[in-house]
Asks: 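Have a look at this one before I ask anything.
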Number of protein chains: 2
Amino acid sequence: MVSSSASIKDVAAAAGVSVATVSRVLNSHPSVSPDARTRVMAAVESLGYRPNAVARSLRTHQTRTLGLVISDVLNPYFTELARSVEEEARALGYSVIIGNADERPDLQDHHVQNLLDRRIDGLLVSPTDGGSPLMLAAARTGTPMVFVDRWIPGVDVPVVRSDGRAAIRDLVAHLHRLGHRRLAIIAGPAATTTGSERVDAFREALASYELELPDAYIGQGDFQADSGRRVVDGFLDLAEPPEVVFAADNLMALGALDAIRARGLRVPADIALAAFDDIPWFVHTDPPVTAIAQPTKDLGRAAVRALVDRIEGRTPQSVTLPAHLVVRRSCGESPHPRTSTERSTR
Amino acid sequence: MVSSSASIKDVAAAAGVSVATVSRVLNSHPSVSPDARTRVMAAVESLGYRPNAVARSLRTHQTRTLGLVISDVLNPYFTELARSVEEEARALGYSVIIGNADERPDLQDHHVQNLLDRRIDGLLVSPTDGGSPLMLAAARTGTPMVFVDRWIPGVDVPVVRSDGRAAIRDLVAHLHRLGHRRLAIIAGPAATTTGSERVDAFREALASYELELPDAYIGQGDFQADSGRRVVDGFLDLAEPPEVVFAADNLMALGALDAIRARGLRVPADIALAAFDDIPWFVHTDPPVTAIAQPTKDLGRAAVRALVDRIEGRTPQSVTLPAHLVVRRSCGESPHPRTSTERSTR
DNA sequence: CATGTGCATGGAATCGATTACATGAGGGAT
DNA sequence: ATCCCTCATGTAATCGATTCCATGCACATG
């Protein structure tokens, strides 16, 4: 029993049938006699046989596997995304191989290449940059592909993402109401869509209050904590530092918090802080951080469905879901303290 | 150029040689003429040929892939572990497929089975329970295996983990010095080694101060935030609630924080809190949380090295690394405020 | 009774690589 | 000039499945 690794031949021999019949039983083909079926099942059981997925994939040209290349596993937003992707994929009979790019285009290429070499059935990517030659080639060749969260303009691939424009307008309205006029942003890499879009939306929202977004108030970050630290240090060294810092992701907000704290300053008394991407920890930081929450689970689900649609020959839909503002205390006392939006996680 | 998918035959035809020669060039076999080599390389280039990893694996009986089954992707500890595992594996020429068990034995089995079916070269597991039949069978059959963080007693598989005993003693000493006498713990599942060991170490440490750990002060959690909430609610309903709650992981600490906050109580004035597993956010919570930090990166690295040693025929070593206490403010004013251990994240 | 239909089954090709073995060319030693 | 060794190369087997096609049997139909 349960030998190290039996093949379909061993099962066939044990059951006294041909490999073809074993294969038919395993794939529930109708034309198999009850007798043969039970003998095969018994042999499978007693040998502890499991079909070799490698051989099966070679023959059938499908791996029933999706690749997911995310920008940063250490970012809770992406791990939640990865989790919902795996969940939905499993429900549809696929497994997922995750590649972590650590916001590095070279690593991203490494994983894309690796996944392509493994002949995954489809690829889900949240691109770290504007599109390497490899990525562009991959989009053009046969492999079904869907962008999630971020995308590459001009590439004909469905996109599943959330739109933060309205939420950013709400945020700016909230900040303006609290009396803030000098607002700064820690931007993500300009090569990413989320990096540039959030800045644009922020600038537009400011414009509707007759406010400017001077270059000195646009810090160039890379979605990692360190860059948040560095940018905020720069802001605080200005002759006229901003009253509010809006971090374009949660890790840069963490870095910003570090830098502010290192100078002995207080949030929001000395400087206010808001972040894109809400995470459970923001409820318990000092102070709780006002943030823009994405419908992360829904994004993951929708992305998988779009990709599987492409794989199985249906026409995939691009999807855009709205993000929303969650007001907490990091921008100053809210007009309605203890609203339902301050509620605990989950 | 860059067709949808060329095979080794196409390359052979384009280069005017046999598939054997192409294969030799690709695997840098010495016996290939410079002329043939350049012609093959040119054909590879112009066809955009990439070897099919599935076919290669079938023939060579190795996938150069490691499986990693972790207990919970949403737990920052495990994602850091996963990252370091992937990093080290990549350095050694392997890729990693991650399976997330969400602390559910059935999901864990699903992933183990899936990875085994894909004929991964080795398996890294941090078991969610005491060992399902499948897991025990997997450990006995040929697949090289290493346990990381948690393990299954009585199974002959190398273990790479950290020992929190000394750090827990330090924590109890710290708490005792601050005047706390009624200490409670939110335990992990008794079926996991980390679940039971942390309780044992805590009880032992208390004993050396002549303190008891009554059953009422042992809350049964499952390493997830919700259970932390539930357990702390129970503690606070006791006639004599504890003065300190020690959460056996960071997610249960988050839940504990939620529950304490929901009652309008304050940390550490009303109740002190400490956690196993340190994470960057603990620096910025209100108050900063005293925690026990594991050398997570080193654990990941060591685990991969042990596993690859087994795979490549060397003898793997079990490894145990010490954890250490990081004092912050969640247990009361420390005798040395603003020590170096309070420093900001990385 | 001859023939047609359908079902259960086995043989063998196939997927895309790697590799053992055979072959032939070229060069050095005798 | 003969023999032998080495090197470059090609042919074919192989890995473990799936699946097309042929075969044979049972049964229904004319």
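These numbers were taken from a predicted model, which means no experiment stands behind them. Scope of the values below: all heavy atoms of this structure, side chains included, with no hydrogens, waters or symmetry mates. Per chain, numbering begins at 1; letters A, B, ... match sequence-line order.
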Asks: Please work out if B:Thr21 contacts a base, only the sugar-phosphate, or nothing of the nucleic acid, heavy-atom cut-off 4.0 Å.
Replies: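 Sugar-phosphate contact only.
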Asks: Could you tell me from which nucleotide to which nucleotide of DNA chain D, 5' to 3', there is an atom under 4.0 Å from chain B heavy atoms?
Replies: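 The contact span of chain B on DNA chain D goes from D:dC7 to D:dG16.
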Asks: Just how far, in rounded Å, is P of C:dG10 from CD1 of A:Ile8?
Replies: 12 Å
Asks: Touch check for B:Ser33, heavy atoms < 4.0 angstrom, all strands: base, sugar-phosphate only, or nothing?
Replies: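 Sugar-phosphate contact only - B:Ser33 comes under 4.0 Å of backbone atoms but never of a base.
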Asks: Tell me what B:His29 touches on the nucleic acid: a base, only sugar-phosphate, or nothing, going by heavy atoms under 4.0 Å.
Replies: nothing
Asks: Base, sugar-phosphate, or nothing: which does B:Val54 touch, judged by heavy atoms less than 4.0 Å apart?
Replies: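 No contact.
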Asks: Nearest-Å distance, CZ (A:Arg119) to C1' (C:dA17)?
Replies: 11 Å
Asks: Just one of A:Thr63, A:Thr143, A:Ile97 clears the side chain to side chain contact (heavy atoms under 4.5 Å, CB included) bar with A:Leu115, so which one?
Replies: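 Testing A:Leu115 for a side chain to side chain contact (heavy atoms under 4.5 Å, CB included) against A:Thr63, A:Thr143, A:Ile97 leaves exactly one candidate, A:Ile97.
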Asks: What I want to find out is whether A:Asp117 reaches B:Arg50 closely enough, with some N-O distance under 4.0 Å, to be called a salt bridge.
Replies: yes
Asks: Kindly say if A:Arg59 contacts the phosphate of C:dT14, meaning a side-chain N or O under 4.0 Å from OP1 or OP2.
Replies: no
Asks: Please check: side-chain N/O of A:His61 versus main-chain N/O of A:Ser57, any donor-acceptor pairing under 3.5 Å?
Replies: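 No, the answer is negative, given that no donor and acceptor are paired below the 3.5 Å cut-off.
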Asks: Which residue, B:Arg37 or B:Leu58, contacts DNA chain D at a nucleotide closer to its 5' end, judged by nearest heavy atom?
Replies: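 So the residue in question is B:Arg37.
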Asks: What does A:Val22 touch in the nucleic acid at a heavy-atom separation under 4.0 angstrom: a base, only the sugar-phosphate, or nothing?
Replies: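 No contact at all - A:Val22 keeps every heavy atom at 4.0 Å or more from the nucleic acid.
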Asks: Specify the closest pair of heavy atoms between A:Gln108 and A:Ser126, including all atoms of both residues, with the distance to one decimal.
Replies: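 Where A:Gln108 meets A:Ser126 most closely, the heavy atoms are OE1-O, 4.2 Å.
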Asks: Is there side-chain contact between B:Gln294 and B:Arg161, with heavy atoms separated by less than 4.5 Å?
Replies: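 No; the side chains remain at least 4.5 Å from each other.
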Asks: Quick one: A:Arg24 CZ to C:dG11 C1', roughly how many Å, whole number?
Replies: 11 Å
Asks: What is the nucleic acid contact for A:Ser23, judged by heavy atoms within less than 4.0 Å: base, sugar-phosphate only, or nothing?
Replies: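 Result for A:Ser23 = base.
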Asks: Return the 5'-most residue of the pair A:Ala55, B:Ala36 with respect to DNA chain D, ranking by each residue's nearest nucleotide.
Replies: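 Final value for this comparison: B:Ala36.
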Asks: Indicate yes or no: does A:Asp102 engage A:Arg104 in a salt bridge with an N to O separation below 4.0 Å.
Replies: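 Salt bridge between A:Asp102 and A:Arg104, a charged N being under 4.0 Å from a carboxylate O: no.
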Asks: Hey, which sits more toward the 5' end of DNA chain C by its nearest nucleotide, A:Ala20 or A:Pro30?
Replies: A:Pro30
Asks: Does the pair B:Arg305 and B:Glu88 meet the rule for a salt bridge (Lys or Arg N to Asp or Glu O under 4.0 Å), with working shown?
Replies: CA-CA 8 Å; B:Arg305 281 199 292 255; B:Glu88 183 71 9; 3.4 Å; yes
Asks: Identify whether any heavy atom of A:Ala53 sits under 4.0 Å from a base atom; if not, whether one sits that close to sugar-phosphate; answer base, sugar-phosphate or nothing.
Replies: nothing
